[in-house]
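Take a look at the structure set out below.
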Amino acid sequence: MPIRTFVLIISDAWKADCNMKAEELYKKMLGVSINYFLVDIRKDRDDFYSLTQNELNENKLLLSGFVLNLIMDGELEKATEIINSLPENDVMRIGLTIVNPAITWREFISAIESLKKTNRHLKSVILTAGRPNLLNGFNDFTRIGPLLETHKKLFIEDFKYIYEEKICPALYDLCLAEYYYQQNRIFDAEILVSRTIKEFDVDSERRLLFAALYLQSKILIVHGRTVNAESYIKEIRRYVKKNGEAEFSYNIDSAEALCAMYEGNYQLISAWFQKKSPDEYADFNMLDLYRYMIKMRCYIFMKDYMAVIALAEKLRPLLIAGRRHMDICEIELLLAMSFYYAQKKEMAFQALDRALKIAKRRRYYRLIADEGEMMLHVLISYANEKGQTPFLMQIIEMTRDMAISHPLYLKAQYKNTHTFTQMEIAILKLLEQGKSKEEIGEYFFISINTVKYHMKKIYAKLGASSTHQAVWQAKRIGII
C-alpha cells in the first residue's frame with residue numbers, strides 16, 4: 001500500500017530537525033515519490049530502526065514507518081503498544097490502527113467513528129497490502145461476512161472515510177462477493193465481482209482491481225476453466241504494469257504459481273519455487289503470508305511434508321496474535337494433508353478437527369473444497385472413522401467436484417524412465433479411442449493374447465492397473 005494512504009493529510013508543520021537519514025526517509029514518506037509502498041518501507045527497515053527515540057517522538061510520520069516495520073516483522077504487540085500511546089483522536093493513530101493486522105472489528109469501527117467525528121478522510125487505505133484478497137488481506141475481516149448482507153448502507157457509508165466515495169458501492173460488492181465465494185454461492189459471487197472490475201479499472205484503484213480479478217480467476221477455476229484463469233493472471237499483469245508493479249509483482253507471481261498447480265504446469269511451479277518463493281529461514285516478513293501459503297503447497301507437491309509442518313508452526317503464533325482466523329484454518333488444512341500423507345493419521349485428524357471447527361463456524365467452505373483430491377482422501381478417511389455429519393458430507397461433495405475437475409492439483413509430476421515402442425504408443429492411442437482388445441488385434445493382425453501381452457507391458461511401464469489409468473498416465477507425460 002502507498003504510505004500516502006494517510007500521509008497526504010499530514011502537515012509539513014510536523015517536520016522536525018532530523019539527521020540526513022531521517023530527512024531522506026521523511027521526504028520519501030511525504031510523497032516525493034508517490035509510489036513509496038510498504039515493500040519500499042521494508043527495504044528501508046534498518047534506517048527506520050536506527051532512528052533515535054527523539055526523532056521518532058518528534059516526527060509522527062517517521063514513527064509510522066517504524067511501526068509499519070514492526071508489523072511486517074510480526075511484532076504486533078509492540079506495534080499496538082506504540083499506536084495506543086498516541087493521542088486518541090490523532091489522525092496518525094487512526095491510520096495505523098486501521099492497517100494494524102492485530103485490530104479487532106470493534107477497534108476498526110471505533111477508528112471509523114473517530115474519523116466521522118473529526119470529519120477526516122483517509123483516501124484509499126489499502127487493507128490488502130498487495131495481497132489478492134480484500135476481506136482477508138493485511139487484516140482478516142472475514143468474520144464480518146454475516147453482517148455484510150444486513151448492513152449494506154452502513155458499510156458503504158463507513159467505507160467512504162477510507163476510500164474514494166464513488167467506488168464504495170463496488171468495494172462493498174467485492175467484500176460480499178468474497179464472502180459468497182467462501183459459502184460456495186459461486187453464481188452470486190460471480191455476478192457481484194463482474195460488476196466491480198469496471199469500477200476499479202482506473203489508475204488509482206489498481207489494488208482493488210487486483211483483488212477483483214483474482215477472485216474471478218478463482219471462480220473460473222471452480223468452473224474447471226484453468227486456462228482462462230491463467231489468462232486472468234496475465235491480465236492482472238497488464239493492468240498493474242504502469243501503476244503499482246513494484247507493489248504487486250511478487251504476489252501476482254504467487255497467484256500464477258497457484259493457478260499452475262491446478263493445471264499441472266510443473267515447469268512454472270518449479271521456476272516460482274526456485275527463483276521467487278520467499279525464504280522462511282531468512283528475512284521473515286508478514287507481507288509474505290500469501291506467498292508462504294503457496295510455498296507450503298509446493299512442499300506438499302514435492303512430498304516434503306516436514307517442511308510444511310515446520311513453516312506452519314512458525315506462522316501459527318503470528319496468525320493467532322493477528323486474529324487471522326481464515327489463515328489459521330488454511331494452515332490446519334495443509335497440516336492435515338501433510339500429516340495424512342506422512343502416515344500420521346491421528347495427527348492429521350486432529351488438525352482436520354481444528355480446521356473443520358473454524359470452517360463451520362465462519363463458513364469457510366471453499367477454503368476446504370479448493371484443495372481437491374488430496375483433501376478429499378483425507379475427508380473420506382475422516383468420515384469413515386469419525387462418522388458422517390451433514391456438514392462434513394456437504395464439504396466432501398464440494399471437494400469431490402474439485403477433485404474431478406482438477407485431477408493434477410498438488411500432484412507431483414510422473415517421471416517416466418521407460419521407453420515405449422511404436423506398437424505400444426499406437427495401442428495406447430487406440431485404447432484412448434475406446435477400442436476393444438479384439439478391435440486392436442484386427443488393426444495389427446495379432447491375437448487377443450498378444451494384445452494382452454503388450455497391454456501388460458504398458459501397464460508396468462506406466463504403473464497402471466487399468467486401461468483408464470494407463471491412458472491417463474500416458475496423456476499426463478505426453479506420450480499421447
For K166 and E199, what are the C-alpha separation, side-chain angles and deciding distance, and is it a salt bridge (Lys or Arg N to Asp or Glu O under 4.0 Å)? CA-CA 9 Å; K166 64 182 180 181; E199 297 297 322; over 6 Å; no

Gap separating the CG atom of D140 from the CD1 atom of I103, nearest 0.5 angstrom: 12.0 Å

What pair of heavy atoms forms the shortest contact from I396 to A383, and how long is it? CD1-CB, 4.0 Å

Can the positive tip of K386 be found less than 6.0 Å from the middle of the six-membered ring of F349, inside 45° of the ring normal? no

Salt-bridge test for R42 and D73: reply yes if a basic N is under 4.0 Å from a carboxylate O, no otherwise. yes

Might you work through the ring-ring contact (aromatic ring centres under 6.0 Å, His included) test for Y172 and F159, ending with a clear yes or no? CA-CA 8 Å; Y172 169 83; F159 283 156; 7.3 Å; no

Does F391, at its CZ atom, have more than 12 non-hydrogen atoms belonging to other residues, nucleotides or ligands within less than 6.0 Å? yes

Rounded distance (nearest 0.5 Å) linking atom CD1 of I186 with atom NZ of K218: 10.0 Å

Looking only at non-hydrogen atoms, find the nearest pair between L135 and C175 and report the distance. CD1-O, 3.3 Å

Check: R323 side chain, A102 main-chain N or O, donor-acceptor pair, under 3.5 Å: yes

To the nearest 0.5 Å, atom CD1 of I404 lies from atom OG1 of T399 at 11.0 Å

Across all chains, not counting sequence neighbours, the side chain to side chain donor-acceptor pair (under 3.5 Å) partners of D353 are Y382

Please name all residues satisfying side chain to side chain donor-acceptor pair (under 3.5 Å) with T419, sequence neighbours left out, ordered by chain then number. none

So, the side chain of S110 versus the backbone of R106: is there a donor-acceptor pair under 3.5 Å, distance only? no

Backbone N or O of L367 within a donor-acceptor pair of the Q182 side chain at under 3.5 Å? yes

Can you tell me which residue pairs pass the side chain to side chain donor-acceptor pair (under 3.5 Å) test with a partner in residues 336-351, sequence neighbours excluded? K345-E385

Between H121 and K160, is there a donor-acceptor pair closer than 3.5 Å when you use the side chain of the first and the backbone of the second? yes

Quick one: list whatever passes side chain to side chain donor-acceptor pair (under 3.5 Å) with N139, sequence neighbours left out. none

Pairwise side-chain contact, V308 with M337, heavy-atom cut-off 4.5 Å (strictly under): no

Considering only heavy atoms from C-beta outward, does the side chain of F108 approach that of T104 to under 4.5 Å? no

Hey, mind stepping through D253 and R291 against salt bridge (Lys or Arg N to Asp or Glu O under 4.0 Å) and telling me if it holds? CA-CA 9 Å; D253 291 337; R291 300 170 74 209; over 6 Å; no

Step by step, would you call D279 with D283 a side chain to side chain contact (heavy atoms under 4.5 Å, CB included)? CA-CA 7 Å; D279 184 355; D283 183 21; over 6 Å; no

Over 12 foreign heavy atoms within 6.0 Å of NE2, H468: no

Counting C-beta onward and ignoring hydrogens, is there a side-chain heavy-atom pair between L431 and I440 closer than 4.5 Å? yes

Under 3.5 Å donor-acceptor, S405 side chain and D401 backbone: yes

Is the count of non-hydrogen atoms from other residues, nucleotides or ligands lying under 6.0 Å from K152 atom NZ greater than 12? no

Are a donor atom and an acceptor atom from the side chains of H406 and E263 found within less than 3.5 Å of each other? no

Considering residues, nucleotides and ligands other than K475, do more than 12 of their heavy atoms fall under 6.0 Å from its NZ? no

Minimal heavy-atom distance between D173 and T196, with the atoms involved, is CB-CG2, 3.7 Å

Residues I479 and L428: closest non-hydrogen pair is CG2-CD1, 4.1 Å

Count the heavy atoms of every other residue, nucleotide or ligand shown that sit under 6.0 Å from CD of E149, and state whether that count exceeds 12. yes

NZ or CZ of R131 within 45° of Y290 ring axis and under 6.0 Å: no

In sequence, state the C-alpha distance, the side-chain angles, and the governing distance for K429 and E424, and then conclude on salt bridge (Lys or Arg N to Asp or Glu O under 4.0 Å). CA-CA 9 Å; K429 289 180 178 179; E424 289 167 345; over 6 Å; no

Under a 3.5 Å distance rule, please check whether E313 uses its side chain to pair with a backbone N or O of A310 as donor and acceptor. no

Could you walk me through whether Y163 and L208 pass side chain to side chain contact (heavy atoms under 4.5 Å, CB included), step by step? CA-CA 11 Å; Y163 283 90; L208 297 178; 3.9 Å; yes

More than 12 non-hydrogen atoms from neighbouring residues, nucleotides or ligands closer than 6.0 Å to CD on E439, yes or no? yes

Give, for atom CD of E442 and atom NZ of K435, the distance between the pair rounded to the nearest 0.5 Å. 10.0 Å

Between Y459 and S466, is there a side-chain donor-acceptor contact under 3.5 Å, judged purely by atom types and distance? no

With side chains defined as the heavy atoms from C-beta onward, is the minimum distance between L127 and F138 less than 4.5 Å? no

Using atom types as modelled and distance alone, determine if a side-chain donor or acceptor of T150 lies under 3.5 Å from a backbone N or O of L147. yes

Hey, can you pull the donor-acceptor pairs under 3.5 Å for the side chains in residues 292-305, sequence neighbours left out?
unit_1, atom_1, unit_2, atom_2, d
Y292, OH, N285, N, 3.4
K295, NZ, P278, O, 2.7
K295, NZ, E280, OE1, 2.9
R297, NE, E371, OE2, 3.3
R297, NE, Y409, OH, 3.2
R297, NH1, M293, O, 3.1
R297, NH1, E330, OE2, 2.9
R297, NH2, E330, OE2, 2.8
R297, NH2, E371, OE2, 2.7
Y299, OH, E280, OE2, 2.8
D304, OD1, A307, N, 3.4

Please determine whether a side-chain nitrogen of the Lys or Arg among K411 and E373 lies less than 4.0 Å from a carboxylate oxygen of the Asp or Glu. yes

Y179-D188 side chain donor-acceptor pair, cut-off 3.5 Å: no

Which atoms form the tightest heavy-atom contact between N133 and T128, and what is the distance? O-CG2, 2.6 Å

Under a 4.5 Å cut-off applied to non-hydrogen side-chain atoms, are L318 and F284 in contact? yes

Give, for atom CD1 of I480 and atom CD1 of I427, the distance between the pair rounded to the nearest 0.5 Å. 12.0 Å

Side chain to side chain donor-acceptor pair (under 3.5 Å) against Q216, all qualifying residues, sequence neighbours excluded: Y232

Distance in Å, L289 CG paired with N251 CG, rounded so as to fall on 0.5 Å steps: 9.5 Å

If every non-hydrogen atom of L333 is compared with every non-hydrogen atom of M375, which pair is closest and at what distance? O-CE, 3.6 Å

